[in-house]
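Indexing begins at 1, ligand by ligand and atom by atom, following the structure's order. Start at 1 with the first residue, then count along the sequence.
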Amino acid sequence: MTTFLIYIFMLPFGHATLPLVINTWPFRDATSAAWSVLQAGGSVLDAVEQGCSRCEVDQCDGSVGFGGSPDENGETTLDAMIMNGDTMEVGAVADLRRIKNAIGVARAVMQHTEHTFLVGESASVFAENMGFTAEDLTTNKSLSIFTQWLKDNCQPNYRKSVLPDPSKNCGPYKPRAMSKQRQRERQIDIHAHDTIGMIAIGQDGHVAAGTSTNGANHKIPGRVGDSPVAGAGAYADSTAGGAAATGDGDVMMRFLPSFLAVELMRTGAAPSSACKTAISRIKRYYPEFFGAVICANTTGHYGAACNKLPGFSKFSFMVSDSQSNIPLLKSVDCF
Ligand code: GLY
């Protein structure tokens with residue numbers, strides 16, 4: 001009996017069936033789109049691309065796609081990546097302007113170049129040359145977020161050690177002597193979910209992962225978060241599994257949590273435990289960071305973990321597998 005109970009408590013979060021789609025947050029239509037691709041015999045890369053594209057079109061809760069997270073100039077820019085866990089190819093774009101389908105452009109970088117990562121204006125030119133339509137990413141909503149931010153004296157913002165005092169004033173800013181620096185509290189809005197991260201694993205154990213986001217609200221122009229960085233935003237390796245992250249990318253990208261989680265699963269760690277260790281590693285230095293990681297291994301087990309904060313005690317994510325055949329909302333208690 002005791003042995004049985006120990007076994008039950010050691011079981012990983014998810015049942016083990018393949019194929020599997022898992023993504024951050026309750027972005028159900030994205031899961032559905034990816035699952036439909038797999039059901040129709042499509043590849044795991046197609047599933048991840050179509051799933052994340054769905055979120056870009058739907059502007060999933062404003063944190064993905066056009067019309068969200070305007071930067072200090074009021075412009076929406078997009079970051080995305082996709083990774084093939086069979087070949088370890090990656091395509092990524094960041095600070096992408098005027099193109100709505102960021103993960104599509106990331107896929108084009110992977111398929112039509114020998115590069116991994118294109119950024120900024122040049123990434124947009126590349127996208128246009130590849131046939132993507134250039135359009136304004138501003139909407140009434142993003143305009144009103146930006147206007148309100150200006151009215152609020154540009155609060156919150158990401159500047160530090162500058163003059164005038166960035167906690168009270170808009171720029172332009174000049175550097176201030178570091179000796180006078182005071183650690184500023186990070187002003188992250190934990191209700192602005194910030195990324196779709198998705199892992200798809202085929203019947204044959206092939207893994208793909210990807211992300212798409214419009215980054216951080218009021219970011220400094222040029223800022224790139226964790227989402228398009230392989231190993232940070234997502235990672236896929238068909239000999240081990242996949243992982244994807246969401247949260248405060250400025251902090252999380254310093255720890256490559258998705259790479260770490262996949263490496264832990266390679267050594268036999270259960271997905272839940274791999275995710276937990278990736279979160280713990282960040283917590284050690286930034287106990288108040290906002291973030292979560294999803295993990296899945298090549299046998300179809302999955303899990304997730306998140307850093308507990310006031311107002312963020314549970315993290316929700318979506319799963320589709322052959323047992324459910326429809327997207328199921330799952331959640332995990334943060335620690
Ligand atoms: N995790 C998304 C970002 O920080 O840009």
Is Thr246 in contact with ligand 1, taking contact as a heavy-atom separation below 4.0 Å? no
Judged on heavy-atom distance to atom 3 (C) of ligand 1, which of Asp226, Thr213, Thr24, Val224 sits nearest? Asp226
May I ask you to test the Phe66-Glu135 pair for a side-chain heavy-atom distance under 4.5 Å? no
Answer yes or no: are there more than 12 heavy-atom neighbours, outside Asn325 itself, under 6.0 Å from its atom CG? yes
Tell me yes or no: between the side chains of Arg254 and Tyr285, is some donor less than 3.5 Å from an acceptor? no
Numbering the atoms of ligand 1 from 1, which are under 4.0 Å from a heavy atom of Gly225? 5 (O)
Atoms of ligand 1 less than 4.0 Å from Gly247 heavy atoms? 1 (N), 2 (C), 3 (C), 4 (O)
With respect to Arg223, which candidate in Asp71, Asp250, Asp95 satisfies the salt bridge (Lys or Arg N to Asp or Glu O under 4.0 Å) definition? Asp250
CZ of Phe290 to CE of Met252, rounded to nearest 0.5 Å, is 8.5 Å
Non-hydrogen atom of Arg223 closer than 4.0 Å to ligand 1: yes
Which ligand 1 atoms does Ser227 reach within 4.0 Å, using its non-hydrogen atoms? 1 (N), 2 (C)
List ligand 1 atoms under 4.0 Å from Thr195, heavy atoms only on the residue side. 1 (N), 2 (C)
Number the atoms of ligand 1 from 1 as they appear, then name those within less than 4.0 Å of a heavy atom of Gly215, with their elements. 5 (O)
Within 6.0 angstrom of Lys141 NZ, more than 12 heavy atoms from elsewhere: no
